[in-house]
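The structure appears below as structure tokens.
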Amino acid sequence: MTATTETPHAATAATATAAATDADAAHAESAEQTKQTEQTDRADSIEKIARDLHSPVVDWFGTHARDLPWRRPEAGAWGVMVSEFMLQQTPVNRVLPVYEQWLERWPRPADLAAEPPGEAVRAWGRLGYPRRALRLHGAAAAIAERHGGDVPRGHAQLLALPGVGEYTAAAVASFAYGQRHPVLDTNVRRVFARAVSGRQYPPNATTAAERKLARALLPADEATAARWAAATMELGALVCTARSPECGRCPIAQQCAWQLAGAPAHEGPARRTQTYAGTDRQVRGKLLAVLREAVNPVPQATLDRVWNDPVQRARALDGLVSDGLVEPLAGGVYRLPLS
């Protein structure tokens, strides 16, 4: 048997391979250490930013907060929940009269749950996006059935209610019960985008990075966190507005990353704008207006008069039926839903 003898070339290659492997491992370890250092530095930076923002924003809120009925102690958790449903994509001045009428008629969830869902749609008036009325009715029914008529305190319990998403659950838990939750609406996202991230506008849809930032910015104290949530929302609504921010009135203008960067223009995707005239939304609104005013079921011929385009009108009516906002009956008549 002839013994295999390793050539000098083979030994050199093996040594080089081992050295390369060690170098790769060292590089990977160094990269991981660099990444961890950067993450630590970023966390320390966010913590410092948060400390610098909390007091001026909360103090500003104490002086400039609007006296809104859902912020008063007598509103209770139900008043807060009603306001949060109504304020989604609808300005405060349009919500105020409907909110007052709603709470006068249905001061507790069980009062609303006892009525047909069509009455919620009727009382919703012209707030827009009327499926919110059905969702609020569904939430009220669940509260009456599962929680003895009281809006639950737990975030998970709130989230389990029909029609309640992450934002609404966090808002009710924070504003009604003083709990520590990140509350991310359009106004808050815009404040954080400018003050912390240095961008004029946030992304079109809420991202995981925004949620992570919102959690990192929360004050540790529960009561202060709830106050911070309301304060950042108010700041975005009154000062750090989308089109005409009043930076001269802003309590954190000196710390604002966007201002410090020279207020650069938005470079991301075009901002979404909503049109109304001539859309199916307008047709749906006109059809619902007729049904809200009617005491008895409405004939098809009456609905046909609200819009000239028969194809668009039929499509809008079918959509209302599909969404559960309108109930068709035998004989070609329609009404708001009873169940």
Side-chain angles (χ1 to χ4, degrees), residues 68-72 74-147 149-151 158 161-165 167-169 171-172 175-176 185 276 280-299 302-303 306 316-317 319-329 333-339:
L68 300 173
W70 45 85
R71 289 178 176 164
R72 299 169 191 161
E74 61 269 23
W78 174 237
V80 171
M81 177 172 278
V82 170
S83 75
E84 288 301 332
F85 271 80
M86 290 184 173
L87 288 165
Q88 293 170 24
Q89 298 180 293
T90 307
V92 166
N93 63 337
R94 288 181 56 199
V95 166
L96 280 169
V98 181
Y99 173 88
E100 299 281 9
Q101 295 163 10
W102 191 285
L103 268 295
E104 183 177 352
R105 180 174 178 179
W106 297 307
R108 290 180 53 80
D111 300 320
L112 174 58
E115 298 232 29
E119 288 306 301
V121 177
R122 193 188 310 277
W124 199 256
R126 295 185 177 274
L127 286 182
Y129 302 99
R131 277 180 291 184
R132 292 179 294 170
L134 290 182
R135 291 170 184 154
L136 183 51
H137 184 276
I143 291 168
E145 180 181 344
R146 304 175 197 169
H147 302 286
D150 295 321
V151 177
L158 288 164
L161 295 173
V164 173
Y167 164 78
T168 304
V172 173
F175 302 151
D185 80 337
Y276 184 72
D280 284 5
R281 280 185 57 220
Q282 183 182 19
V283 185
R284 286 164 60 102
K286 288 180 173 293
L287 292 169
L288 275 179
V290 173
L291 290 162
R292 279 197 306 268
E293 295 297 324
V295 176
N296 298 311
V298 177
T302 301
L303 295 176
V306 307
L317 183 57
L320 291 171
V321 172
S322 177
D323 290 341
L325 291 162
V326 172
E327 185 178 340
L329 302 175
V333 295
Y334 297 83
R335 68 184 179 193
L336 298 178
L338 293 183
S339 61

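Numbers for residues simply follow the sequence, beginning at 1. Quick note: numbers below take in every heavy atom, side chains included, and nothing from hydrogens, waters or symmetry partners.
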Notebook entry, point to check: If you draw a 6.0 Å radius around CD in Glu74, do more than 12 non-hydrogen atoms from other residues or ligands fall strictly inside?
Noted result: yes
Is the backbone of [Y] close enough, under 3.5 Å, to the side chain of [X] for a donor and an acceptor to pair up by distance?
X      : Y      : result
Trp78  : Trp106 : yes
Trp124 : Gly128 : yes
Arg126 : Ala289 : no
Glu84  : Val172 : no
Arg335 : Ala294 : no

Taking all non-hydrogen atoms of both residues into account, name the closest pair between [X] and [Y] and its distance.
X      : Y      : value
Pro337 : Gly324 : CG-O, 3.3 Å
Pro109 : Val151 : CG-CG2, 4.3 Å
Ala75  : Pro69  : CB-O, 3.4 Å
Ala141 : Ala113 : CA-CB, 3.6 Å
Ala120 : Ala133 : O-CB, 3.7 Å

I want to check something: taking the side chain as every heavy atom from C-beta on, are [X] and [Y] in contact at a cut-off of under 4.5 Å?
X      : Y      : answer
Leu158 : Thr168 : no
Tyr99  : Leu127 : no
Leu336 : Glu119 : no
Leu112 : Trp102 : yes
Leu136 : Met81  : yes
Val326 : Leu287 : no
Thr302 : Val333 : no

Margin query: So, applying side chain to side chain contact (heavy atoms under 4.5 Å, CB included) with Tyr334, which one of Pro299, Pro328, Pro297 is it?
Written below: Pro328
Reported [atom1]-to-[atom2] distance for the pair [X] and [Y], which is rounded to 0.5 angstrom:
X      : Y      : atom1 : atom2 : answer
Arg71  : Ser83  : CZ    : OG    : 9.0 Å
Glu104 : Asp111 : CD    : CG    : 12.5 Å
Leu291 : Leu320 : CG    : CG    : 8.0 Å
Glu115 : Leu338 : CD    : CG    : 11.0 Å
Arg284 : Asp323 : CZ    : CG    : 4.5 Å
Leu288 : Leu303 : CG    : CG    : 9.5 Å

Checklist line | Sequence neighbours excluded, every pair satisfying side-chain hydrogen bond (donor to acceptor under 3.5 Å, both in side chains) that has a member inside residues 129-143 | finding: Thr90-Arg132, Tyr129-Gln274
